[in-house]
Amino acid sequence: MTVRRGDKLPISIQEHMAINVCPGPIRPIQQISDYFPRYSPWPERTPSPTGNPHNLSPLDIPPCGAETADDSADVDNYDSDESTALGTLEFDLLYDPEQCILQCCILRAKGLKPMDFNGLADPYVKIHLLPGACKANKLKTRTVRNSLNPTWNESLTYCGITQEDMGKKILRISVCDEDKLSHNEFIGETRVPLRRLKPGERKHFNLCLERQIPLASPSSMTAALRGISCYLKELERCQEWELEERGRILLSLTYSSERGGLVVGIMRCAHLAAMDVNGFSDPYVKTYLKPDVEKKSKHKTVVKKKTLNPEFNEEFFYNISQLELQKRSLEVTVWDYDLGKSNDFIGGVTFGMSSKGECLKHWMECLSTPNKRTEHWHTLTNELPGSTYAD
């Protein structure tokens, strides 16, 4: 290129970014690729006799937009590069079959991926049981500020986990970065099938975090509902679970020969679905003994304000013979109390000879062993019995 005397040689932006603007002659930065370890736009050079493979001149850098096919593929696959280290997570799991409790002790993480501009992260851990209502059973730790090797030593506990759940459910453990100015960012996750645990034995895990498996949202899902796409996809994969879980309830059933009737104990609920805008519910429980033509079998607990884990400890009595009880069914429903408008249905469960699984087992224990009090946790589903109404 011919340059007239007095004219300045123009320097492109690519050349400007590749040179060391320090006093003295303009020279290329010897190891500029160290600043961009994942993406190097300039072509590889044959090593020079001096043994310096980074002896490049600014003119060797291609102009913007002149990337090759391999470079383009590298950019598109940035988040799915198999060599990226997201870190490891160390935790313990313990299942207590007598109390139906799953204890998850989150210990520490190491080598987390930096998420903030300062090269650090503000990590916290959240856990879900899949399949299930994510918001209803989500538990989380505190946030550790400015650390890539955080230590939590926190114990997160699920109540009402039955042996049936242990054979079907998966514990999803996610590590996220808290960001006060925008949305929290996902770092990595790991999933543990609960069937790997032995009852009563604490199991230690030290697993590498993996990327979140991309799940396609249903075609009918709007942007506002994509947050539950993970749960919806897991629900579709598990064909046994046709109903949405809304929480757990601990019930006791006793047929009293002395009193000549059924005693129903409403003990507590756990991990109920949030029905109010504040992220909580105002739950209460209703029971019916069906068929109930005269509608005189309804019993109702008190309302517990602003909680997803209420404790009731109330008992209701139905005066009925044991032979007649075999022809009836007990319906237990949980509702969210709303002042000035219709109450919201949270979930329900039905006991009778036509029930299945844990419900049928509990009902048969009650009928076959009079005067013996039996307690069991049961899953609340979104199925509203046809004859049940809110009041």
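Side-chain atoms are counted along with the backbone in the values below, which use heavy atoms only and exclude waters and symmetry mates.
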Between [X] and [Y], is there a donor-acceptor pair closer than 3.5 Å when you use the side chain of the first and the backbone of the second?
X      : Y      : result
Thr301 : Val285 : yes
Ser355 : Leu360 : no
Thr369 : Lys372 : no
Asp177 : Glu185 : no
Gln322 : Leu367 : yes
Glu314 : Val302 : yes
Asp96  : Pro199 : no
Ser281 : Ala273 : yes
Asp276 : Asn278 : no
Asp92  : Cys105 : no

Quick one: [atom1] on [X] to [atom2] on [Y], what's the gap to the nearest 0.5 Å?
X      : Y      : atom1 : atom2 : value
Leu262 : Leu330 : CG    : CG    : 6.5 Å
Lys110 : Cys208 : NZ    : SG    : 12.0 Å
Ile187 : Leu86  : CD1   : CG    : 8.5 Å
Thr162 : Lys361 : OG1   : NZ    : 9.0 Å
Gln326 : Met353 : CD    : CE    : 6.5 Å
Arg108 : Ser147 : CZ    : OG    : 12.0 Å

Same hydrophobic cluster for [X] and [Y], using side-chain heavy-atom links shorter than 4.5 Å among ILVMFWY?
X      : Y      : value
Ile173 : Leu197 : yes
Ile266 : Tyr318 : yes
Val334 : Met275 : yes
Ile161 : Leu250 : no
Leu129 : Leu139 : yes

>> Asp282 vs Leu339, test: side-chain contact (heavy atoms from CB on, under 4.5 Å). Steps then yes/no.
In response: CA-CA 10 Å; Asp282 301 321; Leu339 182 63; over 6 Å; no
Ignoring hydrogens, what is the shortest heavy-atom contact between [X] and [Y]? Give both atom names and the distance.
X      : Y      : result
Pro150 : Trp152 : CG-CH2, 3.3 Å
Asp292 : Ser297 : OD2-OG, 2.8 Å
Trp363 : Arg328 : CZ2-O, 3.8 Å

> Pick one: which of Ile249, Asn309, Leu380 meets side chain to side chain contact (heavy atoms under 4.5 Å, CB included) with Leu272?
Replying inline: Leu380
Side chain proximity check, [X] to [Y], heavy atoms < 4.5 angstrom:
X      : Y      : value
Glu164 : Met166 : no
Val332 : Leu251 : yes
Phe205 : Thr190 : no
Cys159 : Trp377 : yes
Met267 : Glu315 : no
Leu89  : Leu207 : no
Thr379 : Val349 : no
Ser174 : Val125 : no

> Going by the angle between their ring planes, with limits at 30° and 60°, are His299 and Phe316 parallel, tilted or perpendicular?
Replying inline: parallel
> When the ring planes of His362 and His378 are compared, do they come out parallel, tilted or perpendicular, using 30° and 60° as the limits?
Replying inline: parallel
Got more than 12 heavy atoms from elsewhere within 6.0 Å of [atom1], [X]?
X      : atom1 : result
Glu324 : CD    : yes
His204 : NE2   : yes
Arg195 : CZ    : no

Cationic N near anionic O, under 4.0 Å, [X] to [Y]:
X      : Y      : value
Lys180 : Glu178 : no
Arg191 : Glu189 : yes
Asp165 : Arg248 : yes

> When you look at Val192 and Phe91, which way does the side-chain contact (heavy atoms from CB on, under 4.5 Å) test go after all the steps?
Replying inline: CA-CA 11 Å; Val192 179; Phe91 58 95; 3.9 Å; yes
>> Under the rule for ring pair (Phe, Tyr, Trp, His ring centres under 6.0 Å), what residues qualify as partners of Tyr255, not counting sequence neighbours?
In response: none
>> Test side-chain contact (heavy atoms from CB on, under 4.5 Å) on Thr254 and Cys366; report intermediate values, then the result.
In response: CA-CA 6 Å; Thr254 310; Cys366 174; 5.8 Å; no
>> With side chain to side chain donor-acceptor pair (under 3.5 Å) as the test, pick out the partner of Glu331 among Lys290, Lys286, Lys298.
In response: Lys290
>> For Tyr124, run the side chain to side chain donor-acceptor pair (under 3.5 Å) check against Asn184, Thr141, Thr143 and tell me which one passes.
In response: Asn184
> Given Phe351 and Met364, is the side-chain contact (heavy atoms from CB on, under 4.5 Å) satisfied, shown in steps?
Replying inline: CA-CA 9 Å; Phe351 300 87; Met364 294 301 296; over 6 Å; no
> Regarding Arg268 and the six-membered ring of Phe312, is the cationic atom NZ or CZ under 6.0 Å from the ring centre and inside 45° of its axis?
Replying inline: no
>> Taking the cut-offs as 6.0 angstrom to the six-membered ring centre and 45 degrees off its axis, would you call Lys300 and Tyr284 a cation-pi pair?
In response: yes
> Can you list the steps and then say if Glu375 with Arg373 is a salt bridge (charged side-chain N to carboxylate O under 4.0 Å, His left out)?
Replying inline: CA-CA 7 Å; Glu375 282 187 9; Arg373 186 173 183 269; 2.6 Å; yes
> Is there a donor in the side chain of Glu365 and an acceptor in the side chain of His376, or the other way round, less than 3.5 Å apart?
Replying inline: yes
>> Is there a side-chain hydrogen bond (donor to acceptor under 3.5 Å, both in side chains) between Gln103 and Ser155? Walk through the geometry before answering.
In response: CA-CA 7 Å; Gln103 186 180 50; Ser155 181; 3.0 Å; yes
